[in-house]
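Here's the structure we're looking at; comments come further down.
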Amino acid sequence: MQAWRVHTPGEPREALRLEEIPEPVPGEGEVRLRVLAANLNFPDALLVRGQYQIRPPLPFTPGVEICGLTDDGRRVIANPSLPHGGFAEYVTASERALLPAPESLDDAEAAALHIGYQTGWFGLHRRARLQAGETLLVHAAAGGVGSAAVQLGKAAGATVIGVVGGKGKVRTAEELGCDLVIDRTGEDVVSRVKEFTGGRGADVVYDPVGGDSYTASAKCVAFEGRIVVVGFASGTIPTPALNHALVKNYSILGLHWGLYAAKDPAAILACHTELTRLAGEGAIKPLISEVIALPDVADAVQRLADGATTGRVVLAMPRQPGASR
């Protein structure tokens with residue numbers, strides 16, 4: 001089969017190689033899946049660069065999220081077992097962790113549902129306890145992670161403020177349903193949030209960026225507000241001033257979604273049931289900005305790493321004759 005592999009960590013365009021390798025053999029408790037579509041995630045770029053907290057043995061294939069087909073014909077969502085990641089024709093995955101792909105979503109959309117929307121749901125509902133009528137501020141609102149949080153926030157009845165980086169992403173965030181879109185490259189985030197909220201600030205902040213975005217968040221979070229720290233796409237890990245959190249009465253909440261698989265796997269299944277319901281009702285739908293073929297993966301991962309993508313970029317594999325969807 002064909003698969004993209006990393007032999008030496010580095011920038012994606014240089015480090016990724018498309019190779020012909022044997023199909024992976026499932027271990028105990030695993031199944032083989034034919035990849036229908038694989039969503040590109042920021043952790044894939046970090047894996048290629050050797051900067052992710054998990055470092056699979058070399059050589060490895062990145063790709064942490066797929067929609068695939070089991071040998072008995074079930075269409076499922078899975079997180080492949082590294083080092084045999086999803087940027088390949090076949091993967092292995094834990095049979096126990098397979099989730100049914102929602103019928104309302106096509107292969108590319110289903111591949112982009114799991115990590116982003118689960119992270120958003122746990123961040124907004126499990127950690128921040130977002131309530132209808134509250135104001136939610138989402139950084140990187142036109143990106144893959146941010147766009148999921150925007151849709152989930154609107155589905156929960158929140159007023160959503162989206163922050164984006166550049167005029168080209170403003171329209172995307174507006175189309176997602178943001179009640180206010182702020183272009184951080186030409187507007188002051190703090191003053192715009194305070195103006196929009198009548199000086200109160202945002203009740204919940206969803207921050208997958210870190211750096212300057214976190215600094216702005218702390219300045220415009222409301223009394224008893226909650227800042228959910230999701231990641232550090234900016235490359236800068238903030239150092240919160242705890243005395244500031246004390247005097248303003250706000251909470252800083254960490255979210256490592258992957259821990260739930262080990263600590264509370266039943267919660268992941270319950271969340272998937274809720275996401276399937278929301279997708280069926282049309283309340284959420286992954287923002288697919290680009291569908292690519294297997295030879296285009298290295299370039300696409302590089303663009304993702306450079307922050308040059310909007311929404312989700314998904315690898316779609318050719319369907320076999322007679323296959324549905």
Side-chain angles (χ1 to χ4, degrees), residues 116-143 145-165 169-170 172-174 176-234 236-257 271 274 278 283-284:
Y117 284 87
Q118 287 255 343
T119 300
W121 194 92
F122 276 92
L124 298 181
H125 293 289
R126 184 80 172 240
R127 303 294 286 133
R129 306 293 180 183
L130 179 68
Q131 301 297 310
E134 289 192 313
T135 298
L136 167 66
L137 173 63
V138 179
H139 289 286
V145 173
S147 62
V150 169
Q151 292 179 354
L152 288 167
K154 293 300 294 182
T159 297
V160 180
I161 302 172
V163 179
V164 299
K169 297 184 178 182
V170 170
T172 298
E174 290 174 341
L176 283 166
C178 287
D179 298 280
L180 172 69
V181 180
I182 303 171
D183 179 2
R184 60 175 173 78
T185 65
E187 300 178 272
D188 181 71
V189 174
V190 176
S191 62
R192 290 286 279 131
V193 171
K194 288 186 175 181
E195 176 188 10
F196 183 76
T197 60
R200 172 177 169 77
D203 298 293
V204 175
V205 179
Y206 190 81
D207 182 14
V209 180
D212 292 339
S213 295
Y214 178 86
T215 301
S217 301
K219 292 179 179 179
C220 64
V221 65
F223 169 73
E224 293 196 327
R226 293 84 78 198
I227 300 175
V228 185
V229 179
V230 184
F232 313 107
S234 67
T236 301
I237 299 176
T239 53
L242 297 185
N243 61 321
H244 190 258
L246 184 152
V247 299
K248 282 194 68 176
N249 247 48
Y250 64 87
S251 302
I252 304 165
L253 305 170
L255 174 63
H256 178 192
W257 170 75
C271 177
E274 176 65 7
L278 290 171
I284 62 171

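Everything numeric here is computed off the predicted structure, so don't read it as measured data.
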Heavy-atom closest contact (Leu136 atom, Ala158 atom, distance): CB-CB, 4.3 Å
Decide yes or no on side-chain contact (heavy atoms from CB on, under 4.5 Å) for Val164 and Arg184, but give the supporting numbers first. CA-CA 6 Å; Val164 299; Arg184 60 175 173 78; over 6 Å; no
Please identify each residue that fulfils side chain to side chain contact (heavy atoms under 4.5 Å, CB included) with His244, with sequence neighbours left out. Ala218, Ala241, Lys248, Tyr250
How long is the gap from OG on Ser217 to OH on Tyr206, to the nearest 0.5 Å? 13.0 Å
CZ-OG1 distance between Phe196 and Thr159, expressed to the nearest 0.5 angstrom: 6.0 Å
Please confirm whether the backbone N or O of Ala222 pairs with a side-chain atom of Glu224, one donor and one acceptor, at under 3.5 Å? no
Write down the atom of Pro208, the atom of Val145, and the distance for their closest heavy-atom approach. CB-CG1, 4.1 Å
Salt bridge (charged side-chain N to carboxylate O under 4.0 Å, His left out) partners of Arg126, counting only residues at least two apart: Asp264
Output the distance between atom CG (Leu152) and atom CH2 (Trp121), rounded to the nearest 0.5 Å. 10.0 Å
Does Arg127 have any side chain to side chain contact (heavy atoms under 4.5 Å, CB included) partners at least two apart in sequence or in another chain, and if so, which? Leu253, Leu255, Tyr260
CD of Glu187 to CG of Leu180: how many Å apart, nearest 0.5 Å? 7.5 Å
Compare all side-chain heavy atoms of Pro238 with those of Phe232 and state whether any distance is below 4.5 angstrom. yes
Sole candidate of Ile252, Val138, Ile227 that passes side chain to side chain contact (heavy atoms under 4.5 Å, CB included) when paired with Val205: Ile227
Nearest heavy atoms of Val190 and Ala216, plus distance in Å: CG2-O, 3.7 Å
Indicate yes or no: does Lys154 engage Asp179 in a salt bridge with an N to O separation below 4.0 Å. yes
Heavy atoms of Arg226 and Glu134 approach each other most closely as NH2-OE1, 2.8 Å
Can you name the closest pair of heavy atoms from Ser234 and Gly211 and give their distance? OG-N, 3.6 Å
When you look at Lys169 and Val181, which way does the side-chain contact (heavy atoms from CB on, under 4.5 Å) test go after all the steps? CA-CA 9 Å; Lys169 297 184 178 182; Val181 180; over 6 Å; no
Cys220 side, atom SG; Arg200 side, atom CZ - distance, nearest 0.5 Å: 12.5 Å
Heavy-atom count around Asp188 CG within 6.0 Å, excluding the residue itself: above 12? yes
At their closest point, which heavy atom of Leu130 faces which heavy atom of Gly153, and how far apart are they? CD2-CA, 4.1 Å
Test side-chain contact (heavy atoms from CB on, under 4.5 Å) applied to Val229 and Asp207, step by step: CA-CA 5 Å; Val229 179; Asp207 182 14; 5.8 Å; no
Interatomic distance, OG1@Thr197 vs CG@Asp203, rounded to 0.5 Å, equals 8.5 Å
